[in-house]
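Below is one structure, written out as structure tokens; comments come after it.
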Protein chains: 2
Amino acid sequence: MSSDNPKRVVLEGLAEIAKSLAHTHRLEILEHLAQGERSVEAVAACVGLSIANASQHLRLMRGAGVLASRRDGKHVLYRLSDPTVLNALAALRKIAELHSAQVREVIERYFRARDALEPVSRKELTRRLKKDLVTVLDVRPTDEYSAGHLPKAVNIPLGELARRLREVPKDREIIAYCRGPFCVLAFEAVALLRHRGFKARRLEDGYPEWRAAGLPVTAADPLHSRVDRAP
Amino acid sequence: MSSDNPKRVVLEGLAEIAKSLAHTHRLEILEHLAQGERSVEAVAACVGLSIANASQHLRLMRGAGVLASRRDGKHVLYRLSDPTVLNALAALRKIAELHSAQVREVIERYFRARDALEPVSRKELTRRLKKDLVTVLDVRPTDEYSAGHLPKAVNIPLGELARRLREVPKDREIIAYCRGPFCVLAFEAVALLRHRGFKARRLEDGYPEWRAAGLPVTAADPLHSRVDRAP
DNA sequence: TTCACATTCAATAACTCTATTGAATATATT
DNA sequence: AATATATTCAATAGAGTTATTGAATGTGAA
């Protein structure tokens, strides 16, 4: 496998990393691990895989250098090895949005239909938060919210949003966010809110990118914001 | 293949892009195309593949959105679809350097042995070039140099360097560069020059990154810096 | 120690990717 | 039109990847 030629070794390493990103299930796993570290079990439940299968994917990514893991009692907790992994995913996404025919089409047909407006940048939200001009809405599941969220964010999971609309102020602008750029929760939330007459927009990207940008977050345990998901 | 679920479509698009980067030959092709557009034939010769095999790899990357192509007479010229492709490769490389066991080891054993010093940043070289304090040395093959190079750079291909040392000034600092971060030419050149008593350092990355940073270059035809390699 | 639980390992069948070969197509030149 | 050249297509065998299954390992609690 790994030859002596130093250049070849480096290229093989890169190819191994790229390969470890080249599977929809593994990309979905990365989206979840971007929120914080998770046990094999939790990952399997989130993504809808068998435990053994999830374990294999996680080990493969750890072997490539994309993930790291530590043992915590009976559990093994996996996490992104490095924030650079988010950069790699962002670059792939940009290429896809600009140059992949299928992706461009679905963005046009689905995403733009739900929220034609540009998302609010992190910088802009910081400014408006300081002046208390907006309400920040976290539409992820409650366990993920608990593990860490934007300052002053209110949590209403997307599935509960329709029947909890009275909790949402009608006169202030709502900024919704979710797991990140591949997550559809905030898109759906904004579409629903707008349809009901609220002033709603999306935050650019999601929670992991906010945290990676070094912006303040509110977390139960900021270092190891672990989530063990109910079965 | 591509389902209706919009999130799935996006993830499939990303996975396809990642897959198209997940092969050593394709990474090598990207390194060459980062210098400028090339015909199928030229790519095949550079990387040492059959024409049909090179064509297949190129088409696969074009299909994913990583490459674009145009016809020029009998030739089809391929190029990177977007500078973001360089960002994606840079992110992969950073992950590899920090977290891939094999890559870390070969960097320690081979690259650091040749040039333990930090490379000179583009910013620093720009500053020193303005004051005419350094000699810039392009150690790529002559045809690649002709297609575009750094301002005032002198071209001595690595293979000729040992017998053309008298052309290199001994009293000035030499800054060597080549194709980019995966290319070993500048490393070898710096090792050779240092060993012979020259003051030599590497430029960070290589020609494509310099150009992508918007810095000035000298080129035969700056827009389509094409190279048809001799057989 | 024994047990329950979380994770990993090993084997395997289905599937996908790769390089090779030779034929087919597209373009420019004669 | 015929020819030469560059590229692409199609078929295929060999190699690698994936999900599934059930067994094995490691950890903490009883």
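Bear in mind the structure is a predicted one, so any value in this text is a computation, not a measurement. Throughout, a chain's letter reflects where its sequence line sits, starting with A, and its residues are numbered from 1.
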task: Check whether any side-chain heavy atom of B/Lys19 lies under 4.5 Å from a side-chain heavy atom of A/Lys19, and answer yes or no.
output: no

Measure [atom1]/[X] against [atom2]/[N] and give the value in whole Å, please.
X       : N      : atom1 : atom2 : answer
B/Glu12 : D/dT18 : CD    : P     : 15 Å
B/Glu41 : C/dT27 : CD    : P     : 17 Å
B/Arg59 : D/dT7  : CZ    : P     : 14 Å
A/Ile51 : D/dT20 : CD1   : P     : 13 Å
B/His75 : C/dT27 : NE2   : P     : 14 Å
B/Glu37 : D/dA6  : CD    : C1'   : 16 Å

Take the angle between the ring planes of [X] and [Y] and call it parallel below 30°, perpendicular above 60°, tilted in between.
X        : Y        : result
A/His149 : A/Tyr145 : parallel
A/His23  : A/His57  : tilted
B/Phe187 : B/Phe111 : perpendicular

statement: Exactly one of B/Val66, B/Thr24, B/Leu49 clears side chain to side chain contact (heavy atoms under 4.5 Å, CB included) with B/Ile29, and that residue is B/Leu49

query: side chain to side chain contact (heavy atoms under 4.5 Å, CB included) with A/Tyr78: which of A/Arg59, A/Arg38, A/His32, A/Arg70?
result: A/Arg59

Protein-nucleotides 26-29 of chain D N/O pairs closer than 3.5 Å?
none

query: Does the side chain of A/Tyr78 get closer than 4.0 angstrom to OP1 or OP2 of C/dA6 through an N or O atom?
result: no

- prompt: For D/dT7, does either OP1 or OP2 sit under 4.0 Å from a side-chain N or O belonging to B/Ser55?
  reply: no

field: Neighbour count >12 (heavy atoms, 6.0 Å) for atom CZ, B/Arg104
entry: no

- prompt: For the atom pair CE (B/Met61) and CG (B/Leu80), what is the distance rounded to the nearest 0.5 Å?
  reply: 9.0 Å

task: Decide side chain to side chain donor-acceptor pair (under 3.5 Å) for A/Arg140 and A/Gln35; before the verdict, give the C-alpha distance in whole Å, the side-chain angles of both, and the deciding distance to 0.1 Å.
output: CA-CA 11 Å; A/Arg140 295 176 300 162; A/Gln35 328 270 319; 2.6 Å; yes

task: Give the B/S/- string for nucleotides 15-25 of chain C, one per nucleotide from 5' to 3', where a protein heavy atom under 4.0 Å of the base yields B, of only the sugar-phosphate yields S, and otherwise -.
output: --SSBBB----

